[in-house]
Protein chains: 2
Amino acid sequence: MTSHPDESCCGSPHPIAPLPELTARLRREARRVTGPREAILDVLRRHARPLRIKEIHTLLGAGANCDLATVYRAMRLLEGMGMVKRVELGRRGSSFELLGEGDDGHHHHLVCTECDRVMELDSCLLETVEKGISLASGFKKVTHRLEFFGICPRCQSPAS
Amino acid sequence: MTSHPDESCCGSPHPIAPLPELTARLRREARRVTGPREAILDVLRRHARPLRIKEIHTLLGAGANCDLATVYRAMRLLEGMGMVKRVELGRRGSSFELLGEGDDGHHHHLVCTECDRVMELDSCLLETVEKGISLASGFKKVTHRLEFFGICPRCQSPAS
DNA sequence: CTGAGTGCAAAGTTTTTGCAGCCTC
DNA sequence: GAGGCTGCAAAAACTTTGCACTCAG
């Protein structure tokens, strides 16, 4: 189990991918490397935890001069390319986190129901379950989405 | 594994609770049994699968004369009372399904990514995982949300 | 009778879309 | 230079809220 860096906690679970490596992935798929996209990828690589669209837009700051609609479009593109994983953490709206090259993003999260802090859980033992479900149901390409919720130690103490 | 009744499939996984039993639960909590609430509960008990707010509102029909805002308010109430479970199935917005008395709602779903049909999965083996996570992380009241996605047999055939 | 609950209307959020101009390739 | 991408604006989709009236208990 690893905690997230950033406001929430500390210690990155994954090595931070260099920005040029990320833009290279865009180019490889014949997508253009633009200012907004570069800025968005940079925000994502510097915050290794699920970020909401609005958070990304805010973190971009006024300098990036990037429209909210552009963030939505970029995240849809990146999701489609598998560069980013969409996570639904119960709060309103989706969150996104960067995926490493070849990372299928099959880790899961532990979310505090009080303060929304997010921890990442390391292992995923559900591949065999998926196979069993696929066999029993006839479904193909079975994947899953799994999130844990609870009250974090900080929110359990009286003065949170 | 059980499939859902209704448009999707057939065979109810749970016995259908009588309407008076449901309204009794309302009264027991000192909530009023009104026309709209009764109609909403009746819709829920007759469709044993996750329903979206809009679906519920539509299924109520013009006769019920129930406002969409009232459905939202009712679902929040019922969720708070534990009579209903909120499910996020990837489509936009939440879905809800009726919970039996004493049912904690810990079953999960298999959703077709093509047509959105939903099947219910019977068992949940994650309680021990939850306990382990709680021990390792210090989180309290750990619960989880788990959904499987895939392409159902019907959507795999050429003429779906 | 009393206040919880409702309909209606309006506003708040989140996400998508159309379009003209810009800038990457 | 061509077309993918962007900002801006508007709208669509989803959800909440304020208020006066109604009706369940």
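Every chain is numbered from 1, with letters handed out A, B, ... down the list of sequences. Note that the structure is a prediction, hence the values are computed from the model and not measured.
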Separation of D:dC14 P from B:Ile56 CD1 (nearest whole Å): 13 Å

Between A:Glu101 and A:Arg28, is there a salt bridge with N-O shorter than 4.0 Å? yes

Between atom CD in B:Glu55 and atom P in D:dC14, what is the gap in whole Å? 11 Å

Whichever of A:Ala74 and B:Leu68 has its nearest DNA chain D nucleotide further upstream toward 5': A:Ala74

DNA chain D: A:Val71 or B:Arg31, which has the more 5' nearest nucleotide? A:Val71

Has B:Arg45 got a side-chain atom pairing as donor or acceptor with B:Ala17's backbone, closer than 3.5 angstrom? yes

Using atom CD of A:Glu88 as one end and atom C1' of C:dT15 as the other, report the distance to the nearest whole Å. 12 Å

Would you mind classifying the nucleic acid contact of B:Ala69 as base, sugar-phosphate or nothing, using non-hydrogen atoms under 4.0 angstrom? base

Does B:Tyr72 put a side-chain nitrogen or oxygen below 4.0 Å from OP1 or OP2 of D:dT15? yes

Closer to the 5' end of DNA chain C via nearest nucleotide, is it B:Ala64 or A:Ser94? B:Ala64

Quick one: A:Arg76 CZ to D:dT6 C1', roughly how many Å, whole number? 15 Å

B:Arg37 side-chain proximity, nearest of C:dC25, D:dA9, C:dG5: C:dG5

Between P of D:dG7 and CD1 of A:Ile40, the distance in whole Å: 8 Å

What is the distance from CZ of A:Arg27 to P of D:dG4, rounded to the nearest Å? 17 Å

Carboxylate-amine/guanidinium contact A:Glu79 A:Lys85, below 4.0 Å: no

Indicate whether OP1 or OP2 belonging to C:dT13 is found under 4.0 Å from a side-chain N or O atom of A:Lys54. no

With a 4.0 Å cut-off on N to O distance, would you call B:Arg49 and B:Glu55 a salt bridge? yes

Please work out if A:Arg52 contacts a base, only the sugar-phosphate, or nothing of the nucleic acid, heavy-atom cut-off 4.0 Å. nothing

Distance test, side-chain N/O of A:Thr34 to OP1/OP2 of D:dT6, below 4.0 Å: yes

Length of the line joining A:Asp67:CG and D:dA9:C1', which is rounded to integer Å: 9 Å

Ignoring backbone atoms, establish whether B:Arg32 has a side-chain N or O less than 4.0 Å from OP1 or OP2 of D:dC23. no

Main-chain N/O of A:Glu88 paired to A:His109 side chain as donor or acceptor, under 3.5 Å: no

For the pair made of CG in B:Asn65 and P in C:dC8, what is the distance, rounded to whole Å? 6 Å

Categorize A:Arg73 for me: base, sugar-phosphate, or nothing, with a 4.0 angstrom heavy-atom threshold over every strand shown. base

